[in-house]
2 protein chains.
Amino acid sequence: MADLNTKQKILIASIQLFNENGLANVRLQQIADEIGISVGNLAYHFKNKEAIIEAVNENLDDDITEILSAYRLFPNLIDFDYQLSKYFSFLQKYPFYFLDLLEIERMSPSIHSKRQHHVSKMISQIRRRFDFNQRRGIIIKELREGLYDNLANSIWVMISFWHAQNSARGINGIPTPEKFKEMVWNLVYPYFTEAGKREFEQLIIPLIKHPS
Amino acid sequence: MADLNTKQKILIASIQLFNENGLANVRLQQIADEIGISVGNLAYHFKNKEAIIEAVNENLDDDITEILSAYRLFPNLIDFDYQLSKYFSFLQKYPFYFLDLLEIERMSPSIHSKRQHHVSKMISQIRRRFDFNQRRGIIIKELREGLYDNLANSIWVMISFWHAQNSARGINGIPTPEKFKEMVWNLVYPYFTEAGKREFEQLIIPLIKHPS
DNA sequence: GTCTATAGAGTGATAGAC
DNA sequence: GTCTATCACTCTATAGAC
């Protein structure tokens, strides 16, 4: 961290403190202390707390945009598993974004509105994976109208509230990407065709049972 | 509200304000203003803010305990649908409890630890419904180990983060119990046997499509 | 670019009169 | 039971020296 400029240090420290204490509970003094500068100096680099939050949001926004744009023409099972790994990393990097949902909505409408955009993109992307894999004969025909819309939404919820879920259940152990991904794949499992099950066993099981 | 005593008025107003503004953002002055008393008087009835929160938690605790104890010897589909209706009412009565998750964990460890107890009871209750209905021939044999544990957990997540989900997606319309219950039933649907599908169509569909 | 010092607006809690 | 007045404290933001 020694070769970073002060502005970058502030952002890194802010993200860390937001994750530990929540957006609303982080004091400017804490951020300043964390990197050994004064609050006055902090104010020189960022006009106010909102400006810090805004800058953090830009970093976060770049990360999620990159994950979402990785969706390509061949959204097969491996591709989805890969994207799930990316989501997991994102979750680990910005827990506050998923835990402080309401506080963010209140304190920072701009983060909230960008979130809504990403959420809708993410859900429709997951939804399209079902269509594609249905055509490939991997996923069965929709049993009931709205079932896949519902499933896409459920998968998004399970991903996004992963931290909140663990917190509410009092699960303190170190979360692994394998457990995370298995949770999501289990939602999809009952919709696999026989061919889908075979592909899942061959390609995905090794990834969630024997991590590289 | 005219025939309630001051203590009860304080609790009702507090719940309302917690739901509107979040636990941490409600000022003692606001609560006092809401029912037309002074902050000094508020302090006479409740030693401090924590005491108010504690009392609200007792109400909340009674409500959820009652819902959970309604699980009886015959946990059939109708019974579960009925319990889902109860959960929905509970969600509508105490949104703050499901939205301020992390804030509650930080401000009130006693609420948090009681929550964990209820969560674990709720999930294991849902899990037992699968066993029972599997024996009844309504639910298929478990396709993969851990699938029903996973499903029980997913159902709990979908219920508990219903408000948070709507908030993140920016859904503002009036939520109906039918949409809520349909979301949960859709998670169960792929696991119905043929007999299960028939029972679902006959008994549950009318309840989620044509509300009484 | 960085610091110290302080203004200014809350916020919870308490003392004491009625 | 209910009020007013006030204390002690926290936090953001800003002014001005170096």
Side-chain angles (χ1 to χ4, degrees), chain A residues 1-57 96 100 102-111, chain B residues 1-58 96 100 102-112:
Chain A
M1 210 156 108
D3 55 341
L4 296 174
N5 65 34
T6 305
K7 204 153 187 166
Q8 291 171 314
K9 281 191 206 169
I10 293 170
L11 290 182
I12 291 171
S14 297
I15 292 172
Q16 187 198 323
L17 289 168
F18 288 164
N19 288 336
E20 287 169 7
N21 308 321
L23 207 56
N25 300 312
V26 173
R27 307 296 146 217
L28 297 181
Q29 189 66 60
Q30 274 179 279
I31 300 174
D33 290 350
E34 183 76 19
I35 54 180
I37 65 170
S38 70
V39 180
N41 193 7
L42 198 66
Y44 171 79
H45 290 283
F46 292 96
K47 188 173 169 273
N48 51 29
K49 191 175 174 180
E50 197 188 326
I52 298 176
I53 294 172
E54 213 54 53
V56 167
N57 188 38
F96 85 92
D100 279 353
L102 197 66
E103 209 52 48
I104 288 174
E105 182 175 346
R106 285 179 181 131
M107 286 183 70
S108 176
S110 75
I111 300 190
Chain B
M1 208 155 112
D3 54 341
L4 297 173
N5 65 34
T6 304
K7 204 154 188 165
Q8 291 171 315
K9 280 191 207 168
I10 292 171
L11 289 182
I12 292 171
S14 297
I15 291 171
Q16 188 198 322
L17 288 167
F18 289 163
N19 289 336
E20 286 169 8
N21 308 321
L23 207 56
N25 300 312
V26 173
R27 308 297 146 216
L28 296 181
Q29 189 65 61
Q30 274 179 280
I31 300 174
D33 289 349
E34 184 75 20
I35 53 179
I37 65 170
S38 70
V39 180
N41 193 7
L42 197 65
Y44 171 81
H45 290 283
F46 292 96
K47 187 173 169 274
N48 50 29
K49 191 175 174 180
E50 198 189 326
I52 298 175
I53 294 172
E54 213 55 52
V56 167
N57 188 37
E58 277 178 37
F96 85 93
D100 279 352
L102 198 67
E103 209 53 47
I104 288 173
E105 181 174 348
R106 285 179 181 132
M107 286 183 71
S108 177
S110 74
I111 300 189
H112 182 62

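Because only heavy atoms are used, hydrogens play no part in the values below, and waters and symmetry mates are left out as well, while side chains stay in. Order of the sequence lines sets the chain letters (A, B, ...), proteins ahead of strands, with each chain counted from 1.
Rounded to whole Å, the distance from NZ on A/K9 to P on C/dT2 is 8 Å. Whole-Å rounding puts the B/I37 CD1 to D/dT4 C1' distance at 14 Å.
Inter-residue side-chain proximity for B/I52 and B/L28 is flagged as met; some heavy-atom pair is nearer than 4.5 Å. Residues B/E54 and B/S108 are in side-chain contact: their nearest non-hydrogen atoms beyond the backbone lie under 4.5 Å apart. Between B/I53 and B/I104, every side-chain heavy-atom pair lies at or beyond the 4.5 Å cut-off. The shortest distance between side-chain heavy atoms of A/I37 and A/K9 does not fall below 4.5 Å. Considering only heavy atoms from C-beta on, B/F96 stays 4.5 Å or farther from A/L102 through its side chain.
The phosphate of D/dG1 has OP1 or OP2 within less than 4.0 Å of a side-chain N or O from B/Y44. In this structure, A/T6 reaches the C/dT2 phosphate: one of its side-chain N or O atoms is under 4.0 Å from OP1 or OP2.
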Practice task
Do nucleotides 4-18 of chain C as a string where each nucleotide becomes B, S or -: B if the base has a protein heavy atom under 4.0 Å, S if just the sugar-phosphate does, - if no protein is that close.
Solution key: B------SSSB----

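Taking five base pairs at each end of the helix from C/dG1-D/dC18 to C/dC18-D/dG1, the local helix axes there meet at an angle of 10°, rounded to 10°.
Checked by atom type and distance alone, the side chain of B/R106 pairs as donor or acceptor with a backbone atom of A/N21 at under 3.5 Å.
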Side-chain donor-acceptor contacts of residues 41-48 of chain B below 3.5 Å, not counting sequence neighbours, with atom names and distances?
| residue | atom | partner | partner atom | Å |
| --- | --- | --- | --- | --- |
| B/N48 | OD1 | B/E50 | N | 3.3 |
| B/N48 | OD1 | B/A51 | N | 3.0 |

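How far CD1 of A/I10 is from OG1 of A/T6: 6.5 Å, rounded to the nearest 0.5 Å.
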